[in-house]
S.K.: 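Just dropping this structure here.
Counting begins at 1 with the first residue of the sequence. Numbering of ligands and ligand atoms starts at 1, following listing order. Bear in mind the structure is a predicted one, so any value in this text is a computation, not a measurement.
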Amino acid sequence: MFKSDLTRADVTPKGIWMNRRKLIAAMGAGSVASGLGVAARAQEALEPNTWEEITTYNNFYEFGLGKEDPAKHAGAMVTEPWTVAVDGLVDNPGEYDLADLIGDIPTEERIYRFRCVEAWSMVIPWNGFELNKLLTKVGVQSGATHVLFETAVLPEVMPGVNVPILDWPYTEGLRLDEAMHPLTMMATGLYGEPLPNQNGAPMRLVVPWKYGFKSIKSIVRISLTDEEPLNTWQQSAPKEYGFYANVNPDVDHPRWSQASERVIGSGLFAKRVDTLPFNGYAEQVASLYEGMDLSVKF
Ligand SMILES: Nc1nc2c(c(=O)[nH]1)N[C@H]1C(S)=C(S)[C@@H](COP(=O)(O)O)O[C@H]1N2
Ligand SMILES: [Mo]
């Protein structure tokens, strides 16, 4: 065969060639290069942020609005003992001591991308367990469609809850299939250490394909419901924050672009990278939203 007889199909491994063809069909020829870039970044090994970065640059409005406030003030919160109410459509409702509720569930490390709706990001090595293990343990009843979570309100140690910044308690929710998804975890640790209070000790949610505000901290209530919970940020500004909050570079926040993100820890001239659909977890979770208009259900 003469060199000139080679086609792209001959010189490119078939999988890549097929992907390229799919991408051309899906995105139009102009965006093929960036489409391949997205796929590559979604699969690249994740280099975690430092302990210092993860524990000193936080959002936890109960302890103040500044990024450094949670590290300054959250140490005063007593997280042991800790009681979690489990109620609603469950077989085993109750006021559980946290150790009784999760003490027998083994933990594992998961290194996840973390993308705040404010357009900054980190990579965080959590310790914890899949939320589905806790839900299975308390027994989800057949009528349940959603899960609601609430954060503690501790006016003695949380300066923020004495001010109507948000409607306390901080509340979040997931659809039941999102809550049962194997990527969804309850974190109780960081870098193999107990979770620092500023990161949501003793137990916080982590949903890596959604904006950070879904990952509610210092949980004291888990409720199984048959309706979509009204999460705090949606209640506060419904045009800016929805229930789903899936990371989506194609749907901008009304006041800023979501197409790219500032990488925390990348230095004074912070690096910006393209934001990935579903924060890089599209392969695992996009099917949950098949047929939904993600610009309406944002
Ligand atoms: N209770 C509570 N949970 C919360 C918040 C909060 O203010 N209060 N902030 C959210 C937001 S906006 C983000 S980005 C993440 C930040 O988590 P981190 O500080 O561990 O990085 O926590 C989320 N969970
Ligand atoms: Mo956030």
S.K.: Give the ring-plane orientation class for Tyr289 versus Tyr244, where under 30° counts as parallel, over 60° as perpendicular and anything between as tilted.
M.R.: perpendicular

S.K.: Could you tell me which atoms of ligand 1, counted from 1 in the order shown, lie closer than 4.0 angstrom to a heavy atom of Ser215?
M.R.: 22 (O), 23 (C), 24 (N)

S.K.: Quick check on contacts: which atoms of ligand 1 are under 4.0 angstrom from a heavy atom of Asn58?
M.R.: 18 (P), 19 (O), 20 (O)

S.K.: Which option, Phe60, Tyr57, Tyr170, Phe114, owns the non-hydrogen atom nearest atom 15 (C) of ligand 1?
M.R.: Phe114

S.K.: Give a yes-or-no answer on whether the side chains of Glu172 and Asn231 include a donor-acceptor pair shorter than 3.5 Å.
M.R.: yes

S.K.: Could you point out which residue of Tyr170, Trp168, Phe213, Trp233 forms a ring pair (Phe, Tyr, Trp, His ring centres under 6.0 Å) with Tyr61?
M.R.: Trp233

S.K.: With a 4.0 Å cut-off on heavy atoms, is Met122 touching ligand 1?
M.R.: no

S.K.: Can Ser260 and Arg272 be counted as having a side-chain donor-acceptor contact under 3.5 angstrom?
M.R.: yes

S.K.: Please list, one pair per line, the donor and acceptor atoms closer than 3.5 Å that link side chains of residues 191-200 to other protein atoms, with sequence neighbours excluded.
M.R.:
| from | atom 1 | to | atom 2 | distance (Å) |
| --- | --- | --- | --- | --- |
| Tyr191 | OH | Asn49 | O | 2.5 |
| Asn197 | ND2 | Ala74 | O | 2.8 |
| Asn197 | ND2 | Met77 | O | 3.0 |
| Gln198 | NE2 | Thr55 | O | 2.9 |
| Asn199 | ND2 | Ile54 | O | 3.0 |

S.K.: Is it true that the side chains of Gln258 and Asp250 contain a donor and an acceptor less than 3.5 Å apart?
M.R.: no

S.K.: For ligand 1 and Trp126, I'd like to know whether there is a polar contact (N/O to N/O, distance under 3.5 Å).
M.R.: no

S.K.: Do the side-chain N and O atoms of Glu261 and Thr275 include a donor-acceptor pair separated by under 3.5 angstrom?
M.R.: yes

S.K.: Measure Asn59 to ligand 1 on non-hydrogen atoms and call it side chain, backbone, both or neither using the 4.0 Å cut-off.
M.R.: both

S.K.: Need the ligand 1 atom indices (1-based, order shown) with element for anything under 4.0 Å from a heavy-atom of Cys116.
M.R.: 14 (S)

S.K.: Counting non-hydrogen protein atoms only, what is the nearest one to atom 7 (O) of ligand 1? Give residue, atom name and distance.
M.R.: Tyr61 N, 2.8 Å

S.K.: For ligand 1, which atoms have a heavy atom of Arg204 less than 4.0 angstrom away?
M.R.: 15 (C), 17 (O), 20 (O), 22 (O)

S.K.: Touching ligand 1 at all, Gly200? Heavy atoms, strictly under 4.0 Å?
M.R.: no

S.K.: Can you tell me which portion of Glu62 lies within the under-4.0 Å heavy-atom range of ligand 1? Options are side chain, backbone, both, or neither.
M.R.: side chain

S.K.: Is there a donor-acceptor contact under 3.5 Å linking the side chains of Trp209 and Asn246?
M.R.: yes

S.K.: Please report which non-hydrogen protein atom sits nearest to atom 22 (O) of ligand 1, along with the residue it belongs to and the distance in Å to one decimal place.
M.R.: Lys217 CE, 3.4 Å

